[in-house]
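A short worksheet on the structure shown next.
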Amino acid sequence: MAALPVDYAISKIVSLVESEVSLLGGISEELQEIKLELVSMKSFLQDADQTTMQARSEGEKAWIDNVRDVAFDVEDVIDELMYQLDRPQFQHYSKLANFLQNTILFPKTLWLRHCAGTKLKKLSNRVRAIPERQRRYGVKHIEGNKFCTEKSSSRIHSELSLFVSNEELVGIDDQRNVLLEMLMDREVLQLSSISVVGMGGSGKTTLAAQAFNSLTVKQNFDCCAWVCVSRSYAVDDLLKNMIKELNQGTGCLMLIDLSSLSYRQLVEMLVNFLKPLRYFIVLDDVWNVNLWSEIRLALPDNKRGSRILLTTRREDIGSFSFGVKNHVHHIQLLRKYEAWALFCLKAFSNYANNVCPLELESIAKDMVGKCQGLPLAIVALAGLMTTKTLEIEWRKIYSSLCWELSNNPVLERLKSVLMLSFNDLPYPLKRCFLYCCIFPEDCLIRRKRLIRLWMAEGFVEEVRGLTLEEVAESYLMELGYRGMLEVVKNPSGRAKACKMHDLMRELARSISEKEKLCVIYDSQGMLVENRSRRVSIQTYDREIESWRCISGLRSFFVFPTKIGSSSSVFSVPSGFRLLRVLDMEYVPIYNLPSDFGNLFNLRYLNLKGTKIQRLPKSIGRLHNLQTLNLYQTRVKKLPSEITNLRNLRYLISCYYDPELIDSFHYASCTEITSDITKLQKLQVLHFVKVNGPVIGYLRNLTQLTCMGIAKTREVDETALCSSIEKLNQLCHLLIMASSEDDILHMEALSSAPPYLRRLNLIGKLEKIPHWFQSLYNLKALYLSWSRLPEDPVTYIQSLPNLQRLTLVNAYTGKCLHFPQGFVTLKSLILHNFPSLNEIIIDKGVMQGIQNLWLFKCMALQTLPHGVEYLTNLQQISLKNVSQVLIESIRGEDSWDRPRFQHISKINHYYQSPSGWKCDNLS
């Protein structure tokens, strides 16, 4: 990541020079000269980023550090100058201000220009001296042979896996049997492939070796070959190795001098040999999806049940269509008891029966937990601990695992395996991956939060035809495909959140701190000055305002995972005026300082869940702000200056009161009194209350993808519907009535936005709007307090993509009938139906449903009629339902049990004197 600071510095210079700031004067020449020098250095640094830090010479390391420091200093000088120019006394608000600018303030601007020019001259001299120092001490570009050691190491590890005995393995039997069953499937005669997919160190090669060595395989295939591919393969060499392997197993190939054969001759030899045989070939450690097209012609489909098995870290390769029938087997990490058994086997081999000493059991289990079922990590750590007998030794290594991973030779194999995946990442993905270590261990990182942070940091490259959000989401999915992040998907297959494996996080943290990308303060270390641009506070026992030991900070995170008893009141730190990112989610701060607007560089401000009740007027000076997150704060009204934030893309300001969950006023919005339509870059506006006249102008916010509006008056409904019709990019729409008795007249909307995926209507409806029939892309529908006199199911059942339906006090009748449709529905939530005493689901309806919630339906006496037909239903959740219903399903002898025996989980939530509890009634 050595090139990252230089990228920033170059972009800053370009931005400043192109901004036509009249105050730059003569310093433009200095900026251009520095830019040219930095551009010439960038290619070297990008080469350096393609190597491991261990592969760099000491001279190269010093040279890279020197360039990085200069780039940091250039960025600081430019940002400081922009900060000074952005201050109120330098803003052009009127003719009088222009006059003051040219007369009274001229000496001040001259002084600023002089100071910046002086600093830039010194930096220019430093930059010019770097190439000279490079030549003087012989620092050269890193050569392109960096894969040689990696290739040799991969092959050795691959071949060693063929000789691992069964006694050394734990938790592999079930997976081996699954693999053998796919290999032995006699009904599939055409050539087919099996992809074993998993992160580095998960045991893919070991599993493949177990199948390869199986006596069953040897008896059922005429010939077998094991070929290690790795990242830096040559296709001719692969074919030659395949020929040697096949000849070794059969002795039937006439081995001539293979080095003299061309690619065509090698293919011809393999085809002629394999055509009459049932063959099995393992391609271990595949990194490139193009491999198959390069060797496909050498592997004939002879309709004899031949198999190709490949192992890969990349899910996109494993699931690729190779033109043959392909099975994907995702490797299963070890379960807790398996991981513990493997660790004891390796770490306590000198103890009777491999039993862990009682005094070490607690810390040993913590250490195994760090591995999260990754076999290579468990074996490596066990090997490290096998000579340690004292608890204090164990705790020391556990607390310094990040250092051990980087410096302990015993863990070199583990580190090299993890580093292979990192080194294979494209440059933009490397910095995005490293950035994730900012979040605490085991933290589930929301997709939207991460994407907005990447954008604020400048990590997302522009791609023609795509939005920055789409590019960033592709980064996230790619990191998931490569096994670098564990991506959690929603029912539609879109990324919802992600998390890092603990050891991947330790690796990322180690690299990030060395490359000065970020520094993490937790219970394992002290926060010290190291020129890092980002700091993540994850354990703190004092007020945040006391963190002032890092200069030049651009991003500041606080995660309230461990809050000391003395830390009940916090305040936003001051002095970090060049910040780009401030993330204080759920930190108990009450106020922002009045001069908060001085953070002119701020792109991302996350105050979600804080105690903030109002924003200072100075926030209107944050002209670069892209994200303002006020979710779950008590900010009831936004200052009129908010409309000055012309780069704002996301304005999130909704509050949900859990104590009012059964009330219409469960959700409350934030009022905006000024013309919000000035914010032309807005994509998310959720959840606000705007003035009557402004509602008609919402149509001008054509970039909106998400909008949540609380309407103020009935006379505004026509204007609101007219605006919605013009917002063609809308994917999520929420409309809330002003009170529970106010009627939502949504009939004025002639047609809904074409890409609408989520719709929330909160308020009384006289009938289901006619345009519901056109919601072809809708995936989630939420009707709350609709109190419809007519059963709404008939108007919803035919929606072709509906996956989640939530009805809250939506119907006043006694029976809900689902006669047909709901072909894609996965979740049904029925909440607060005081009169509902019967639910009927006809046979064949909602066959894909997996979850059913029944909350506050006291008149309901039984589970829905037809629940016995829902064969895919996995879970029913009950809360505030009648005791009669509960007794009808409680226990083996309950009269209604035969209808729901196929449902694995029925949870009953109830309140006790000690709080909410849950009974499993299934």
Side-chain angles (χ1 to χ4, degrees), residues 1-7 42-43 45-56 64 142 144 146-147 149-151 153-154 197-202 204 229-233 285-291 311-320 374 405-406 414-439 445 447 450-451 453-455 457-461 463 471-487 495 498-501 503-518:
M1 303 317 298
L4 181 58
V6 178
D7 267 346
K42 183 178 174 182
S43 61
L45 293 173
Q46 287 179 329
D47 285 344
D49 280 336
Q50 294 301 314
T51 67
T52 61
M53 285 176 282
Q54 287 74 16
R56 301 173 189 168
I64 290 169
I142 297 168
K146 57 185 179 296
F147 293 123
T149 303
E150 168 208 314
K151 187 174 181 180
S153 175
S154 296
V197 180
M199 67 180 293
S202 59
K204 302 181 298 296
V229 182
S230 77
R231 290 172 65 201
S232 53
Y233 71 89
D285 200 20
V286 178
W287 292 80
N288 193 330
V289 75
N290 295 321
L291 169 69
T311 70
T312 180
R313 304 182 185 203
R314 296 179 50 173
E315 186 176 344
D316 55 338
I317 292 177
S319 57
F320 187 77
L374 192 67
L405 191 60
S406 297
L414 171 61
K415 182 183 177 182
S416 65
V417 168
L418 298 180
M419 281 298 296
L420 279 177
S421 295
F422 176 75
N423 290 332
D424 189 59
L425 291 175
Y427 177 71
L429 267 64
K430 282 185 176 178
R431 54 189 179 185
C432 290
F433 166 73
L434 293 178
Y435 194 79
C436 293
C437 76
I438 283 175
F439 293 87
I445 311 167
R447 168 180 55 88
L450 187 58
I451 282 175
L453 283 167
W454 284 346
M455 290 171 55
E457 296 282 5
F459 290 170
V460 183
E461 298 182 338
V463 175
V471 175
E473 188 166 347
S474 73
Y475 288 177
L476 178 56
M477 295 305 293
E478 181 73 9
L479 288 170
Y481 293 147
R482 291 170 174 266
M484 304 298 288
L485 295 176
E486 180 186 341
V487 176
C498 67
K499 63 181 297 187
M500 295 187 92
H501 189 283
L503 290 179
M504 279 294 194
R505 181 177 177 274
E506 295 292 349
L507 178 71
R509 177 175 176 177
S510 172
I511 298 173
S512 295
E513 290 182 354
K514 287 181 179 178
E515 298 287 339
K516 296 183 172 59
L517 183 76
C518 74

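At least one side-chain heavy atom of Cys436 sits under 4.5 Å from a side-chain heavy atom of Trp454. Using a 4.5 Å heavy-atom cutoff, the side chains of Met500 and Leu485 are in contact. A 4.5 Å side-chain heavy-atom check between Lys204 and Arg313 finds at least one atom pair inside the cut-off. Here the side chains of Ile511 and Met419 are in contact, with some heavy-atom distance below 4.5 Å. Side-chain contact between Ile438 and Leu453 is absent, with no heavy-atom pair separated by less than 4.5 Å. Between Tyr475 and Glu461 the shortest side-chain heavy-atom distance falls below 4.5 Å. No side-chain heavy atom of Val229 sits under 4.5 Å from any side-chain heavy atom of Thr311.
Taking each heavy atom of Gly200 and Leu374 in turn, the nearest pair found is O-CD1, 3.6 Å. The shortest non-hydrogen separation linking Trp287 to Ile317 is O-CD1, 3.1 Å. In terms of heavy-atom proximity, Leu476 sits nearest to Leu450 at CD1-CD2, 4.2 Å. For Asn290 against Tyr233, the heavy-atom pair with the smallest separation is C-OH, 4.3 Å. Counting all heavy atoms, side chain and backbone alike, Ile451 lies closest to Ala472 at CG2-CB, 3.6 Å. Residue Leu434 comes nearest to Ser512 through the heavy atom pair CB-OG, 3.5 Å, listed as atom of the first residue, atom of the second, then distance.
Here the rule is side chain to side chain contact (heavy atoms under 4.5 Å, CB included) with Leu418, and of Met484, His501, Met504 only Met504 fits it.
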ask   = What's the verdict on side-chain contact (heavy atoms from CB on, under 4.5 Å) for Arg447 and Val487, showing C-alpha distance, side-chain angles and the deciding distance?
value = CA-CA 9 Å; Arg447 168 180 55 88; Val487 176; over 6 Å; no
ask   = Run the side-chain contact (heavy atoms from CB on, under 4.5 Å) check on Met199 and Glu315 step by step: do they pass?
value = CA-CA 9 Å; Met199 67 180 293; Glu315 186 176 344; over 6 Å; no
request  = Under the side-chain contact (heavy atoms from CB on, under 4.5 Å) rule, what do Ser510 and Leu405 come out as? Steps first, then yes or no, please.
outcome  = CA-CA 8 Å; Ser510 172; Leu405 191 60; over 6 Å; no
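Partners of Asp424 by side chain to side chain donor-acceptor pair (under 3.5 Å), not counting sequence neighbours, listed by chain and number: Arg231, Arg482. Residues that satisfy the side chain to side chain donor-acceptor pair (under 3.5 Å) test with Tyr481, not counting sequence neighbours, are absent from this structure.
Between Glu513 atom CD and Cys518 atom SG the span is 6.5 Å, to the nearest 0.5 Å. Between atom OG of residue Ser230 and atom CG of residue Asn288 there is a gap of 11.0 Å, rounded to the nearest 0.5 Å. Distance check, rounded to the nearest 0.5 Å: CZ of Arg431 to CD of Glu457 gives 10.0 Å.
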